[in-house]
Amino acid sequence: MALDTGNNPEEFRDDPDWKDVVPSVTDAPTLGDGLRIARTHSGRSLAELSSITRVPSRYLTALEQNDFSVLPNRVFSIGYVRAYAGALGLDEQLAVERFKREAPDPSVPLQPPVGVAFEEVKRYSPRLIAAGLALVLAVVGWNVFQRVSLMRAPEPSAIASVPESWTLGAVPGQEQFMRLTAPRPAPPDQTVPALYITPGLEAELTGVDPASPEGLAAAAAGAPPVQKAFNPRGATYGASANASQVVIQARKAASLVVRMGDGRVLFARQLAPGDAWRAPVGVAATVDVSDPTAFDVYLNGEHGGALEAAQTSLGQLNARAQTLARQAAAEITARTEAARTAAVQAQLQASTAVQNAVSAPGGG
């Protein structure tokens, strides 16, 4: 099944360079039919695919004709299916699973069903029910017996007279201990002393006086704007996070196809909103999308805008990410050197002031 190409797919199919996506192996009646249809769609011969996959042509022909008896042992057969599907741009795992279903392993015997026979349950069910009822009656009878044996007739109270405190509501002589006073205030919360900041330390390290509103405003105006960071809101495909500088994320449902320079499909999928693909570094490929406005590009983890065209060179995106990384590193180095220079100058000024104070008349 071809990927969705947006709201108006016929506009792209009219282009002479248009090439539909490889049909899925699950759409064909059998695995062999799916492989043959994909090979016909790719325009390659069995000899070319045999050279690419390093699988003999007779085994590829046997796979397309569903003649699995010609294949070698099962481990090699699964490897041939995986290699052939990968060369045709199909889902390798789906192809292997379908091969296992259509050609089950005869060396694994079927196991008999495990369980209790219905006739056995039917024969012993009256005895089980009777035993359960007897157990319930025994428990109920024991509880009734315990309650009846503990029941006693009401007896008169042994108290000869009612104490005076019961009638007065207080104990004589204890009025001062039972008197209620006003509620006390809650204990104060534990306080933490304020953090001590060395005067002038922040100005020496950053070159900006925190007590000066003008200096803070100038520093904020000169700082680069904070871009929107990449937020993985769906499935993320492609390279690992530490091996990629470019991330393409879908705003809405659209198709993303990445083709290598030799025509092989590196990645092809219909992405849902929030799904993303991490591009590997140092790979020459072309990013082909159905709708450029449906994808955002993140360079070094920060938003770099939307895709500019339906087909974009992956090398250009990686070059932009590397250029931005070098610029950021240069800015950090320059700020560090400036702060270090300011700190050295402040120390020199302080030492000069101390020397002047010492050498002044009456200072020593």
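Note that the numbering runs from 1 along the sequence shown for the chain.
Looking at Asn318, its side chain never comes within 3.5 Å of a backbone N or O of Gly315 through a donor-acceptor pair. Using a distance-only test at 3.5 Å, with no hydrogens or angles considered, a donor-acceptor pair links the side chain of Thr61 to the main chain of Ser57. In this structure, the side chain of Ser42 engages the main chain of Arg39 through a donor-acceptor pair within 3.5 Å.
Pairing each heavy atom of Asp275 with each of Ala235, the nearest pair is OD1-N, 3.0 Å. Nearest heavy-atom pair across Gln270 and Ala253 is NE2-C, 3.9 Å. Ala62 and Leu71 get closest at one heavy-atom pair: CB-CD2, 4.2 Å. Ile52 and Arg44 make their closest contact through CD1-NH1, 3.5 Å (heavy atoms, listed as atom of the first residue, atom of the second, distance). The heavy-atom pair separating Val289 from Ala309 by the smallest distance is CG2-O, 4.1 Å. Minimum interatomic distance between Leu314 and Ala279 (heavy atoms only, all atoms of both residues): CD1-CB, 3.4 Å.
Enclosure of atom CD in Glu308 is not indicated, since only 12 or fewer non-hydrogen atoms of other residues, nucleotides or ligands lie within 6.0 angstrom.
A search for ring pair (Phe, Tyr, Trp, His ring centres under 6.0 Å) contacts involving Phe230 returns Tyr298, not counting sequence neighbours. Under the side-chain contact (heavy atoms from CB on, under 4.5 Å) criterion, Ser240 pairs with Asn242, Ala243, sequence neighbours left out. Under the side-chain contact (heavy atoms from CB on, under 4.5 Å) criterion, Ser45 pairs with Ala47, Glu48, not counting sequence neighbours. Applying the side-chain hydrogen bond (donor to acceptor under 3.5 Å, both in side chains) rule to Arg264 yields the partners Asp262; only residues at least two apart in sequence or on another chain are considered. Applying the ring pair (Phe, Tyr, Trp, His ring centres under 6.0 Å) rule to Phe76 yields no partners; only residues at least two apart in sequence or on another chain are considered. For Asn231, the side-chain hydrogen bond (donor to acceptor under 3.5 Å, both in side chains) criterion is met by no residue, not counting sequence neighbours. Not counting sequence neighbours, the partners of Gln311 by the side-chain contact (heavy atoms from CB on, under 4.5 Å) test are Thr286, Asp288. Partners of Ala306 under the side-chain contact (heavy atoms from CB on, under 4.5 Å) rule, at least two apart in sequence or in another chain, are Arg251, Asp296.
Relative ring orientation between Phe68 and Phe99 is described as perpendicular, the plane-to-plane angle rising above 60° on a 0-90° scale split at 30° and 60°.
Annotation: side chain of Pro72 is in contact with side chain of Tyr80 (closest heavy-atom distance under 4.5 Å). Contact of the Ser244 side chain with the Pro280 side chain is not registered, since no non-hydrogen atoms from C-beta on lie closer than 4.5 Å. No side-chain heavy atom of Val247 sits under 4.5 Å from any side-chain heavy atom of Trp277. Two residues are said to be in side-chain contact when any heavy atoms from C-beta on lie closer than 4.5 Å; Asp33 and Arg36 meet this criterion. The closest side-chain heavy-atom distance from Val287 to Phe295 is not below 4.5 Å.
Taking CZ of Arg326 as the start and CG of Asn300 as the end, the distance is 10.5 Å to the nearest 0.5 Å. Summarising the geometry, atom OG1 belonging to Thr53 is positioned 5.0 Å from atom CG belonging to Leu60; distances are rounded to the nearest 0.5 Å. How far OG1 of Thr236 is from CD of Gln249: 7.5 Å, rounded to the nearest 0.5 Å. To the nearest 0.5 Å, atom CZ of residue Arg82 and atom CD1 of residue Ile78 are 8.0 Å apart. In this structure, CG in Leu324 is found 6.0 Å from CG in Leu299, a value given to the nearest 0.5 Å. Once rounded to the nearest 0.5 Å, the distance linking CZ of Arg98 with CG of Leu31 reads 6.5 Å.
Hydrophobic cluster membership of Ile129, counting Ile, Leu, Val, Met, Phe, Trp and Tyr whose side-chain heavy atoms lie under 4.5 Å apart directly or via other members: Leu133.
In this model, a donor atom of one side chain and an acceptor atom of the other lie less than 3.5 Å apart for Arg269 and Tyr237.
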Using the side chain to side chain contact (heavy atoms under 4.5 Å, CB included) rule, take Val283 and Met260 through it: C-alpha gap first, then chi angles, then the decisive distance, then the call.
CA-CA 8 Å; Val283 175; Met260 304 288 290; 3.8 Å; yes
Given the rule in the side chain to side chain contact (heavy atoms under 4.5 Å, CB included) test, do Gln146 and Val148 qualify, once you have shown the distances and angles that lead to the verdict?
CA-CA 6 Å; Gln146 291 291 333; Val148 171; over 6 Å; no
Could you tabulate the donor-acceptor pairs under 3.5 Å formed by side-chain atoms of residues 84-96, not counting sequence neighbours?
{"residue": "Tyr84", "atom": "OH", "partner": "Glu64", "partner atom": "OE2", "Å": "2.6"}
{"residue": "Asp91", "atom": "OD1", "partner": "Gln93", "partner atom": "N", "Å": "3.1"}
{"residue": "Asp91", "atom": "OD1", "partner": "Leu94", "partner atom": "N", "Å": "3.4"}
{"residue": "Gln93", "atom": "NE2", "partner": "Glu97", "partner atom": "OE2", "Å": "2.9"}

Report all side-chain donor-acceptor pairs from residues 136-143 shorter than 3.5 Å, counting only partners two or more places apart or in another chain.
{"residue": "Asn143", "atom": "ND2", "partner": "Val139", "partner atom": "O", "Å": "2.6"}

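Sorted by first and then second residue, the salt bridge (Lys or Arg N to Asp or Glu O under 4.0 Å) pairs involving residues 336-355 (not counting sequence neighbours) are Glu337-Arg340.
Using a cutoff of 4.0 Å between basic side-chain nitrogens and carboxylate oxygens, Lys252 and Asp291 are scored as salt-bridged.
Cluster annotation: Val258 is not connected to Val281 through the hydrophobic network of ILVMFWY side chains, with a link wherever side-chain heavy atoms come within less than 4.5 Å.
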